[in-house]
Amino acid sequence: MELTIDGRMVKAEPGTTILQAARSAGIDIPTLCQDDRLEPFAACRLCLVEVEGARGPVASCAAEAAEGMVVRTETDEIVEQRRVLLDLMLSDHKADCLTCDRAGDCRLQDLAYRYGVETSSYAGEKREYPLRDDTPFIVFDPSKCILCGRCVGICDEVQQCHVLNFAERGFPAFISTSYGRSMVETTCEMCGNCVSACPTGALQDKRSRHTVRAWDVEKVDTVCPYCGCGCNLTLHVADGKVVRVTSKVGEGPGGGNLCVKGRYGFEFIAHPDRLTRPLVRVDGTLTPASWDEALELITSKLFEIRHEHGPDAIVGFASARCTNEEDYVFQKFMRAVIGTNNVDHCARLCHASTVTGLAQSFGSAAMTNSFADLEMADAFLIIGSNTSESHPIGALHVKKALRNGAKLIVADPREIDMARRADIHLRLRPGTNVALLNGLAHVIIEEGMADDEFIAARTEGFEEMREAVRPYAPALVEEITGVPADKIVAAARILGTVERAAILYSMGITQHSHGTEHVLAISNLAMLTGNVGRPGTGVNPLRGQNNVQGACDMGALPNVFPGYQPVTDPALRARWEEAWGVELPAEVGLTVTETFDAIHEGSVKALIVMGENVMLSDPDQTHVEEALRKLDFLVVQDIFLTETADFADVVLPAACFAEKDGTFTNTERRVQLLRKAVEAPGEAREDWWTWCELAHRLGHAEKWHCTPTQAEIMDEIARLTPSYGGISHRRLDKEGGLAWPVPDEEHPGTPILHTERFARGKGRFFGVEYKAAAEEPDEDYPLTLTTGRMLEHYHTGTMTRRVEGINELVPTGFVEISPADAERLGVVDGRPVTVETRRGRIETPAWVTDRVGEGVVFIPFHFWEGPANRLTNPARDPQAKIPEFKVCACKVSPVVGS
Amino acid sequence: MNTQEVDFTYRLWRHDGAPGELIPLLQSAQEHFGYIPRRAITYISGVTNTPESTIYGVITFYSQFRLQPMGKHRIRLCCGTACHVAGAQTLLDALRDELGVEENGTTEDGVFTLFTVACLGCCSLAPAMMINDETYGSLTPAAARKIIRTIRREENKKAEKEKSVA
């Protein structure tokens with residue numbers, strides 16, 4: 001399709017607006033209310049253009065371009081209209097540009113400048129509303145608001161929290177919450193996307209107000225350090241400090257939207273608690289030391305322990321928080337320098353069962369589709385994922401599809417935010433996923449909704465699965481799961497009949513003593529309905545951490561080299577031996593969870609922890625603590641003195657995400673580039689440097705090219721890891737993120753896996769049986785405890801709990817308990833209770849809420865003062881070795897005297 | 001919250017909360033309570049699946065809806081053309097002074113709410129006002145004050161009687 005804009009021929013796709021067509025041709029039509037993330041609102045009228053043959057000026061943001069259209073964007077008449085409009089807007093705008101933080105970054109100011117509107121010629125009344133400064137992160141000044149409605153649009157269409165709206169009518173109209181309450185008292189999630197949408201200074205980031213002028217900041221594009229969504233961040237740096245975070249519209253998984261952690265959780269970077277010098281334990285206390293002293297001590301200790309007890313007495317925990325390059329170097333250090341496969345990381349605690357499960361059924365253990373193409377789904381099954389809290393930006397894509405009419409089925413024991421948005425909420429008992437999934441498969445098969453063509457052409461083992469699910473009739477499943485049979489049938493009918501259904505899952509599936517089987521049951525369901533390998537479908541495990549996918553890809557696992565090449569395969573091992581110039585161990589090493597048992601048994605003497613906090617993140621805290629005390633030597637490298645570092649013999653100060661280059665691989669398998677924005681505090685160093693340095697000190701100077709940059713490490717990774725073959729920092733810098741597999745420099749990446757064939761050839765069905773959780777409620781411990789995350793805080797709280805505003809929003813942990821249980825036990829909302837299991841007890845305030853059903857309690861695990869993992873059960877999945885965080889038996893009682 | 005009460009109101013409308021019924025629901029709530037209390041918004045939000053902020057926007061958009069309780073006696077002072085010419089402004093000043101409230105305000109004791117309206121349609125009685133369903137015409141500021149005081153006295157008597165019974 002072609003049209004003429006300002007005398008130029010412009011090509012456009014059908015369905016694009018005049019504005020989009022003009023912008024693609026580099027013609028700038030001014031707008032204020034338009035936002036690429038929103039449907040056209042056409043309120044500001046600044047984008048009016050002349051269209052030949054039209055009755056009057058046309059709003060180009062909303063009008064579709066048409067073949068042969070003749071458009072003029074800057075005629076005298078149009079310019080005059082814009083002047084008048086701006087003049088009118090300025091007549092009721094507090095033009096305090098001299099002191100306004102948005103000066104220099106304000107669309108209204110830009111346009112006043114462009115059209116020469118110096119001041120308003122309409123003297124008269126102005127709306128006078130007081131400044132609202134009643135949230136930790138957002139300040140609202142209604143007197144600067146031009147009522148463009150973008151904040152309302154973002155909140156309604158994108159975030160779908162519906163906090164803001166227009167109040168009143170005509171001249172006094174203003175943007176308000178319901179009853180003008182503070183945003184923190186509403187359904188607001190403090191994402192600040194309204195601030196990112198505001199074209200003037202009406203909505204501002206509170207933390208950077210009156211600290212820096214827009215033109216005095218340096219902007220550095222990098223990747224968010226929190227969850228696996230991998231949103232792109234732009235760090236605004238002034239005087240060597242990050243003062244503000246934004247995200248470019250249209251870029252990265254979030255497309256310019258962020259969550260409260262990504263946008264406002266950056267204060268930890270410059271926190272005074274940051275480690276700035278190495279610490280060495282002298283006479284029982286951690287004492288500052290030089291890098292040389294610290295490294296020398298580590299060298300001699302590791303040398304000694306390896307000499308006395310062999311290399312397998314040393315275990316290294318890599319980190320899902322560090323870069324790919326650092327994890328690569330770390331596992332190389334463990335394998336090539338120490339000589340052990342004892343390297344693992346916290347993926348063991350989140351998606352180990354995905355790795356074992358999907359590897360068996362599909363041959364590749366990662367999210368099959370991308371967030372963006374989830375928007376094409378006709379239906380979703382979200383099971384065991386609190387998506388809008390744990391992966392807030394991933395959830396935006398689901399919400400967008402819902403807005404366009406997609407159906408949502410949520411299977412979760414709790415009435416989480418997504419469950420409230422669902423068409424069907426399957427409120428199952430914790431740990432009964434297999435029964436539910438088999439039940440859905442049963443109905444789909446019985447009612448003839450299976451995709452026979454797909455099953456015949458692309459899969460094997462269907463008969464085995466069919467036999468396995470035969471007994472799982474809805475009535476039986478209702479008995480096991482507590483989900484009404486008619487809801488199971490209704491859900492199955494949705495999944496069985498829609499053209500495209502996507503399954504999203506997370507830790508509610510994986511963190512079980514039968515986690516692998518849960519994952520297999522999910523892949524069964526996807527294959528049964530033919531929902532693999534197309535846009536808007538797939539099996540989508542949402543990975544928890546910024547680089548947990550990457551850390552797995554980099555072989556920070558005890559059984560595989562980078563790119564999931566088994567250490568037990570002699571041919572592959574020989575390849576790595578040649579590349580690294582050393583002999584490599586052939587036996588599979590210890591996992592995170594096995595390590596603590598091995599320490600207790602005495603076979604492991606030294607532990608190296610790079611950026612993990614096992615004291616809070618691992619199950620059965622007492623067991624972990626005793627193990628840490630028992631170690632001969634513990635090295636912890638971290639950005640803060642964590643609960644784990646407290647036990648260390650040597651603590652090494654690390655650089656955080658904003659202080660280094662490198663890459664993170666997000667949950668979509670998208671490898672993205674980090675860029676250094678600020679200097680690390682004091683003597684803190686990038687993690688990889690330490691392990692290169694130690695390799696040298698341990699006698700590997702010749703074989704180990706002590707790499708000067710992370711870019712060069714990535715080149716080594718690309719050479720040796722087929723799925724990363726075409727990835728380099730140069731390419732990522734130029735092209736943005738790439739989803740692996742990227743076999744060569746020319747390859748554009750693979751957003752959807754298994755399109756033609758499964759990674760293992762044919763998809764494999766597995767018959768799986770429901771097995772009860774390792775510890776079920778009984779007389780002594782009558783309630784089921786389940787644990788998880790919440791929106792505001794992140795993991796062990798090392799970072800978010802050092803962000804003042806986030807602590808203001810959520811200062812403490814809590815236990816969610818149902819009103820029925822609370823009444824029976826005499827538990828009062830907000831008052832402290834004791835939660836006790838066979839492994840320990842904690843005190844924490846009660847939150848009496850019907851988010852949890854009767855008989856179930858929930859505790860977020862972020863809080864050291866009420867650590868959920870003192871309670872959890874270390875029972876493990878036999879294949880994945882993942883602990884059962886999601887189910888254990890507990891009892892709750894009010895704290896006496898409270 | 002006591003949903004029973006709102007339920008009653010809601011049942012007045014035999015609709016099932018389908019989209020497009022927000023305004024009738026708000027009107028029925030206002031009819032029932034005399035204004036739209038916060039709990040009614042919460043309730044209607046749940047029934048209609050409409051965000052509270054949207055409902056708040058609608059309520060504040062239309063002048064027919066009130067978010068504050070109304071006094072027991074609703075004064076509607078006519079400010080139409082005839083009454084204006086006949087001195088409605090002086091009546092308004094007198095009422096404001098007598099009641100101690102501004103337009104659309106409710107007295108502290110909850111007895112009166114003062115409204116001004118464009119025309120009551122009884123121009124021959126100008127200047128006029130209505131208190132509840134009673135119309136008062138050919139008013140002077142003093143006469144208006146007297147009417148208010150009479151009603152207030154009766155209300156005080158009633159209140160005392162109730163007190164002594166209790």
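Just so we're on the same page: letters track the sequence lines, and every chain starts at 1. Worth saying up front: this structure is predicted, and the values here are computed from it rather than measured.
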For A:Glu808, I'd like to know if atom CD has over 12 heavy atoms of other residues, nucleotides or ligands within 6.0 Å. yes
Look at atom NZ of A:Lys126 and say whether more than 12 heavy atoms of other residues, nucleotides or ligands are closer to it than 6.0 Å. yes
Quick check: are there more than 12 heavy atoms from other residues, nucleotides or ligands sitting under 6.0 Å from NZ of A:Lys94? yes
Tell me if the CD atom of A:Glu128 is crowded by more than 12 foreign heavy atoms within 6.0 Å. no
Could you name the residues of residues 150-172 of chain A that have a heavy atom within less than 4.5 Å of a heavy atom in chain B? A:His162, A:Val163, A:Leu164, A:Asn165, A:Phe166, A:Ala167, A:Glu168, A:Arg169
Go through the atoms of B:Ile41 and report whether side chain, backbone, both or neither lie under 4.5 Å from a heavy atom of chain A. side chain
Pairs where residues 118-136 of chain B contributes a residue and the test side-chain hydrogen bond (donor to acceptor under 3.5 Å, both in side chains) is met, not counting sequence neighbours: B:His73-B:Asn132
Verify the neighbour count for atom NZ of A:Lys400: are there more than 12 heavy atoms of other residues, nucleotides or ligands below 6.0 Å? no
Kindly compute the distance separating OG1 (A:Thr186) from CD (B:Glu52), expressed to the nearest 0.5 Å. 9.5 Å
If you look at every heavy atom in A:Tyr179 and B:Pro37, which pair is closest and at what distance? OH-C, 3.7 Å
I need the A:Ser178 OG to B:Leu67 CG distance, nearest 0.5 Å. 8.5 Å
